[in-house]
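What follows is one structure encoded as structure tokens, with my remarks underneath.
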Amino acid sequence: MHKRTKIKIAIFVLMVGMACMFTAVVTDHWAVLSPAVEKLNTTCEAAHFGLWRLCKKYIYMSSETYEQGHGCGPISLPGEENCTYFQHFTPGQDAEIFEYKTQKEYNISAAAISIFSLAFMILGSLCLVGSCTGKGKGRDYLLKPAGMFFAFSGLCAFISLEVMRQSVKRMIESEDTIWIEYYYAWSFACACAGFVLLFLTGFALLILSMPQMPRNPWETCMDAEPEQVE
């Protein structure tokens with residue numbers, strides 16, 4: 001396969017990764033939490049949240065919808081929903097989830113790292129635009145920082161995922177928790193896909209932008225003929 005074709009495929013995969021990561025950052029379905037159902041034929045409060053908002057959903061649990069041994073939900077059942085933004089940068093205040101204080105420092109860290117991930121994506125995109133519109137050696141040179149920026153973006157996405165996972169784990173394992181069930185939802189899956197695509201494809205783009213390897217053992221990389229990406 002020609003090098004130019006490989007680079008085009010890498011750019012397409014990076015676009016998919018950017019879309020996945022952006023979707024994850026702006027949506028609120030990273031994790032879903034369910035409390036125990038104390039009474040049937042009444043409403044219970046389940047929750048789902050992301051980096052910026054917490055959404056409480058009031059779900060009517062009847063004998064037909066309730067499954068023995070499970071908590072409130074599933075979250076896909078109809079019900080009234082109320083979403084509020086986390087007050088990440090307000091000092092001296094703690095957000096509460098149903099009488100339980102959230103681990104605010106975890107949310108701040110995950111949100112801040114996701115912003116770094118988006119920033120690296122923007123820088124990588126600018127390098128790609130410059131590479132596509134440039135000419136000569138400068139066109140090839142910009143692929144190297146683009147690959148590095150996208151790999152860094154994927155790494156930040158992984159760190160944000162791990163911070164969010166630790167936050168949910170700490171909430172569930174707390175002695176004061178009211179949650180009996182939890183799972184990671186589709187926003188979390190989008191972030192995972194974004195991490196894999198951005199990190200691996202960014203690294204692959206960096207490799208593709210390297211000088212052509214020598215064809216003969218006695219050649220050095222400097223002696224090999226340069227390979228232009230058109």
Side-chain angles (χ1 to χ4, degrees), residues 1 4-33 47-55 74-76 83 85-86 88-89 102-132 142-172 182-210 229:
M1 186 182 294
R4 178 179 59 184
T5 304
K6 294 179 181 178
I7 291 177
K8 288 182 178 179
I9 293 175
I11 292 175
F12 174 77
V13 175
L14 285 171
M15 292 177 64
V16 176
M18 287 190 288
C20 290
M21 192 60 202
F22 181 78
T23 301
V25 171
V26 301
T27 52
D28 310 313
H29 287 78
W30 283 61
V32 176
L33 307 173
H48 63 86
F49 64 93
L51 297 173
W52 315 103
R53 292 198 309 174
L54 164 72
C55 295
I75 200 72
S76 57
C83 296
Y85 283 93
F86 291 121
H88 287 296
F89 306 106
T102 61
Q103 306 303 327
K104 192 173 181 181
E105 61 275 14
Y106 281 92
N107 292 328
I108 293 174
S109 300
I113 295 169
S114 69
I115 293 176
F116 280 111
S117 179
L118 294 180
F120 281 127
M121 283 197 305
I122 294 172
L123 291 174
S125 300
L126 292 176
C127 290
L128 283 182
V129 171
S131 177
C132 293
L142 286 174
L143 291 176
K144 298 180 182 66
M148 293 178 61
F149 284 135
F150 283 119
F152 289 151
S153 176
L155 185 60
C156 289
F158 171 75
I159 297 173
S160 183
L161 282 164
E162 181 60 21
V163 170
M164 179 62 74
R165 193 182 70 85
Q166 292 296 327
S167 175
V168 174
K169 182 180 178 182
R170 187 170 176 180
M171 290 171 61
I172 294 297
Y182 77 97
Y183 63 90
Y184 300 103
W186 57 268
S187 296
F188 191 88
C190 284
C192 291
F195 151 63
V196 173
L197 295 177
L198 290 171
F199 183 78
L200 295 182
T201 313
F203 187 74
L205 185 63
L206 181 62
I207 297 299
L208 290 172
S209 63
M210 291 297 180
V229 180

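Numbers for residues simply follow the sequence, beginning at 1.
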Spacing of [X] atom [atom1] and [Y] atom [atom2] [to the nearest 0.5 Å]:
X    : Y    : atom1 : atom2 : value
F120 : L155 : CZ    : CG    : 9.0 Å
L142 : F149 : CG    : CZ    : 10.0 Å
L205 : K6   : CG    : NZ    : 13.0 Å
F199 : F150 : CZ    : CZ    : 14.5 Å
F116 : S153 : CZ    : OG    : 12.0 Å
L33  : I172 : CG    : CD1   : 5.5 Å

Ignoring hydrogens, what is the shortest heavy-atom contact between [X] and [Y]? Give both atom names and the distance.
X    : Y    : answer
L197 : L14  : O-CD2, 4.2 Å
I113 : C156 : CG2-O, 3.1 Å
I115 : W52  : CD1-CH2, 3.8 Å
C55  : D28  : SG-OD2, 4.2 Å

Do side-chain atoms of [X] reach the backbone of [Y] as a donor and acceptor pair under 3.5 angstrom?
X    : Y    : value
W30  : A24  : yes
T23  : A19  : yes
H29  : H48  : no
S167 : V163 : no
S125 : M121 : yes

Count the heavy atoms of every other residue, nucleotide or ligand shown that sit under 6.0 Å from CE of M18, and state whether that count exceeds 12.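 Buried by this count: over 12 neighbours within 6.0 Å.
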Does a sphere of radius 6.0 Å around CZ in F152 hold more than 12 heavy atoms from other residues, nucleotides or ligands, not counting ones at 6.0 Å or beyond?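 Open: at most 12 neighbouring heavy atoms sit under 6.0 Å from CZ of F152.
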What I'd like to find out is whether the side chain of [X] reaches to under 4.5 Å of the side chain of [Y], using heavy atoms alone.
X    : Y    : answer
I9   : T201 : no
C190 : F22  : no
L128 : L143 : yes
L206 : K144 : yes
Q166 : R170 : no
I75  : Y183 : yes

For V25, the option from S114, S160, S187, S117 that meets side chain to side chain contact (heavy atoms under 4.5 Å, CB included):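 By the side chain to side chain contact (heavy atoms under 4.5 Å, CB included) criterion, V25 pairs with just one of S114, S160, S187, S117: S114.
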Relative to each other, are the rings of Y184 and Y182 parallel, tilted or perpendicular (30° and 60° limits)?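 Perpendicular, since the angle between the ring planes exceeds 60°.
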